[in-house]
> 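Take this structure first; my questions come after.
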Protein chains: 2
Amino acid sequence: MASLSDISRHAGVSIATCSRVLNGSAHPVSEATRRRVLKAAEELGYAPSALARALVTRSSRIIGVIVGDIVDPYFAEIARGVEAVGAELGYLTMVCSAELGSEAELGHLRQLRDYHAAGIVFAGSGRVDDPSAEALATAVEDARNRGSVVLALAQRDFEAPTILFDNEAAAHDITAHLRDRGHDRITFVEGPAGLHTSAQRRNGFLRAGGTDTIPGGFAYEDGCAAANQLLASGTLPDAIVAANDEVAIGVLTRLRDAGVKVPEDVSVAGIDDLRPAHFVGLTTVSVPLHEMGRRAAQAVLENGAQDVVLPHALAIRNTTR
Amino acid sequence: MASLSDISRHAGVSIATCSRVLNGSAHPVSEATRRRVLKAAEELGYAPSALARALVTRSSRIIGVIVGDIVDPYFAEIARGVEAVGAELGYLTMVCSAELGSEAELGHLRQLRDYHAAGIVFAGSGRVDDPSAEALATAVEDARNRGSVVLALAQRDFEAPTILFDNEAAAHDITAHLRDRGHDRITFVEGPAGLHTSAQRRNGFLRAGGTDTIPGGFAYEDGCAAANQLLASGTLPDAIVAANDEVAIGVLTRLRDAGVKVPEDVSVAGIDDLRPAHFVGLTTVSVPLHEMGRRAAQAVLENGAQDVVLPHALAIRNTTR
DNA sequence: TTGTAAGCGTTATCAA
DNA sequence: TTGATAACGCTTACAA
């Protein structure tokens, strides 16, 4: 691949001048030489080395989004938001999946730092009593020292501007809605143990006067399991709110398979309002994932951000009465 | 952040020596100095600049996976495969989502090339009569010249080793199975128009003696729409095979909502065997997505690959009789 | 076993 | 308006 010095030679112009025309610098260049450089670049198929550029400018046009699980549409929605605004300005948004836990997160963070990423966005929640919390905090600090903007889109145990919605309030509001509609006995299917987000949603549920709570997770199967447990217990609650949509759909499906009428016999609600919720007409709460992604990208472009909490909204559909 | 020269100064040792101990070079270094360097690095919190390293070695430890849509579990499965083997060897796998079509693909490809990515894997299929096909082919060529290994995991219109399964055969086999089970009138819900993959699956269906075919897509809603169309036509076929699982699930759901018994009245099958297929017990065909991802990563580590076609397998469950 | 120095491909400072 | 040239942080001959 042609480099600046190739162009320089080909066009009979200094490297500095070539650089100036090829990267749209403000420095004035005569129209004549500009054309010659452009022509040479065209002929030689010049493409700048982002590597070399990043090395000297100390920042590359990479935005890394560290997600908990790449198959989770929750994260996909965020990633799309980031990409939507990043792409406009020539940033490359890359999503790094850390399914293996915070060890993997740490690995991705370090690599992103080592590549001087312009932005590092943590899309997922931190874990309570995370053994690698300290190492993570240090690496975050290092990354910032290298010039990366680090953002948290959920509660984390390190210093970073946050772009959030209120998980506790979201869980509270849907539960309160159900109570308002006359449901007395409401069961909450919890999220994965140890995630801050799980705890927040659980707290919101409890604060709204929810009664029982059973272990769950964030996956469809967890919802099925929870429904089975409820079914086996012999007596169903008036309503079930699940830690997220996918679990709610698991519950819903299992219940209906077992001949339980939803919402006539029991109401079922989720949280997140992702695509699958539309498929089944699930009552849930809409959270601003895409907008969070957009704002995160803006924050890295603007090189910083204020903490912000974005609004959520109930999406009442037909799995609750 | 500390750099090599900081370490060098702090340890009273040349930069070259520091480099040698810090990057595990084969060049011999005395145990004593090695320790001093390590100690200095530790104290100063040294982290190498992947950028600088990549600039001189002409290859960075980045594997880019260009997918068609980051929310599609099809791609997620591939990405996981890549990541699984890439992570072991310290490669950073980043997925770039090109929902906006091949213009976006081109953008990602160029960026990955500009960052001297070690590997660039195209997870999704190319489009027939793609206007940016030529630009794409050129950029692929450039990337290869810069040392990137470029791989295709579906049919593409540029030169690259392929790691595939046989889409046509997959569609053929599931259709043939249905015929063997005595279904005569079989309808195929097509994939998105213009994708090579769609055409291949359609061809397989036809070759197996499938009769009718109606437009569809790759999304749940497309399946619903197709079911509606079938329902409206007044007469249902014996079986329906959809271009992928998600569409099949859309068909299935809509049909059942309309009171049609599946599989008693009509059989429904998909292709891909992704997670949702398990949720509903969908008959489908398992394709080796994860393995393709793994092989792709291996190929970049080994700096090249032979073309290979991986086997698929029928997964007969309970939406067909 | 250690060090010197020449790149890698840019950008940016300073003169001309 | 243009051009030398010194960084950026690292690897790697080549010398010592």
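Naming: A, B, ... by sequence-line order, numbering from 1 per chain. FYI, side chains are in, hydrogens and waters are out, and symmetry mates aren't considered; it's all heavy atoms of this structure.
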> Assign each of A:I15 and A:V29 to its nearest nucleotide of DNA chain D by heavy atoms, then name whichever residue's nucleotide is nearer the 5' end.
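Final value for this comparison: A:V29.
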
> For atom CG of A:D129, decide whether the heavy atoms of other residues, nucleotides or ligands shown that lie under 6.0 angstrom number more than 12.
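Not more than 12 within 6.0 Å, no.
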
> Please state how far atom CG in A:N23 lies from atom P in C:dG9, giving the value in whole angstrom units.
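A:N23 atom CG is separated from C:dG9 atom P by 17 Å.
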
> Do other residues, nucleotides or ligands put more than 12 heavy atoms under 6.0 Å from the CD atom of A:E159?
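Incorrect, the count does not exceed 12.
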
> Can you check the B:D114 CG to C:dC8 P distance for me, whole Å?
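That distance rounds to 18 Å.
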
> Could you walk me through whether A:N167 and A:H196 pass side-chain hydrogen bond (donor to acceptor under 3.5 Å, both in side chains), step by step?
CA-CA 10 Å; A:N167 273 293; A:H196 290 314; over 6 Å; no

> Within the structure shown, what part of the strands sits under 4.0 Å from A:A47 by heavy-atom distance: base, sugar-phosphate, or nothing?
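The answer is sugar-phosphate, as A:A47 gets under 4.0 Å only of primed atoms, P, OP1 or OP2.
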
> Students often get this wrong, so: under 4.0 angstrom with heavy atoms, is B:R20 touching a base, only sugar-phosphate, or nothing?
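Since a base atom lies under 4.0 Å of B:R20, the category is base.
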
> Roughly how many Å is it from CZ in B:R9 to P in C:dG3, rounded to a whole number?
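Answer to the nearest Å: 15 Å.
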
> Calculate the interatomic distance between A:H27 atom NE2 and C:dT13 atom C1'; express it in whole Å.
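Spelled out: NE2 on A:H27 to C1' on C:dT13 is 11 Å.
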
> Of B:S14 and B:A52, whose nearest nucleotide on DNA chain C comes first from the 5' end?
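Comparing both residues, the 5'-ward one is B:S14.
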
> Evaluate salt bridge (charged side-chain N to carboxylate O under 4.0 Å, His left out) for B:D114 paired with B:R146, printing each intermediate quantity in order.
CA-CA 9 Å; B:D114 294 350; B:R146 281 228 174 138; 3.7 Å; yes

> If you assign B:S25 and B:L55 each to the DNA chain D nucleotide with the nearest heavy atom, which residue ends up on the more 5' nucleotide?
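Final value for this comparison: B:L55.
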
> Classify the nucleic acid contact of A:T33 as base, sugar-phosphate or nothing, counting any heavy atom under 4.0 Å across all strands shown.
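Sugar-phosphate contact only.
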
> Rounded to whole Å, please give me the gap between CG in A:D6 and P in C:dC8.
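In whole Å, C:dC8 P lies 10 Å from A:D6 CG.
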
> I'd like to know whether A:E31 forms a salt bridge (charged side-chain N to carboxylate O under 4.0 Å, His left out) with A:R34, so could you lay out the CA-CA distance, the side-chain angles of the two residues, the decisive distance to 0.1 Å, and finally the verdict.
CA-CA 5 Å; A:E31 203 39 45; A:R34 171 181 308 278; 3.7 Å; yes

> Report the distance from atom CZ of B:F158 to atom CZ of B:R144, rounding to the nearest 0.5 Å.
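These two atoms lie 8.0 Å from each other.
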
> Please name the pair of heavy atoms, one in A:L55 and one in B:A52, separated by the smallest distance, quoted to 0.1 Å.
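So the two residues come closest at CD1-CB, 3.9 Å.
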
> Applying a 4.0 Å non-hydrogen cut-off, can you work out what A:T57 is touching in the nucleic acid: base, sugar-phosphate, or nothing?
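If one applies the 4.0 Å heavy-atom cut-off, A:T57 turns out to touch the sugar-phosphate alone, with no base involved.
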
> Rounded to the nearest 0.5 Å, how far apart are CE of B:M292 and CG of B:L153?
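Reported to 0.5 Å precision, the distance equals 4.0 Å.
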
> Check the distance between C:dG9's C1' and B:R58's CZ and give it to me in whole angstrom.
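Atom-to-atom, B:R58 to C:dG9, this comes out as 9 Å.
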
> Earliest and latest nucleotide of DNA chain D, 5' to 3', sitting under 4.0 Å from a non-hydrogen atom of chain A?
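Using the under 4.0 Å cut-off, the span is D:dT1 to D:dG9.
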
> Does A:Y46 make a side-chain N or O approach to OP1 or OP2 of C:dT10 shorter than 4.0 Å?
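Yes, A:Y46 has a side-chain N/O under 4.0 Å of OP1/OP2 on C:dT10.
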
> Please figure out whether B:G12 or B:H116 has its closest DNA chain C nucleotide nearer the 5' end.
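Its nucleotide being nearer the 5' end, the pick is B:G12.
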
> Taking the six-membered ring for Trp, are A:Y115 and B:Y115 ring centroids under 6.0 Å apart?
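No: the rings miss the under 6.0 Å criterion.
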
> Quick one: closest heavy-atom pair of B:T93 and B:E83, and the distance?
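Closest approach of B:T93 to B:E83: CG2-CA, 3.4 Å.
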
> Tell me: CG of B:L4 to C1' of C:dA6, nearest whole Å?
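It is 16 Å, rounded to the nearest whole Å.
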
> Applying a 4.0 Å non-hydrogen cut-off, can you work out what B:S19 is touching in the nucleic acid: base, sugar-phosphate, or nothing?
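Result for B:S19 = base.
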
> The helix from C:dT1-D:dA16 to C:dA16-D:dT1: angle between its terminal axes, five pairs each, to 10°?
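Answer for the end axes of this duplex: 40°.
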
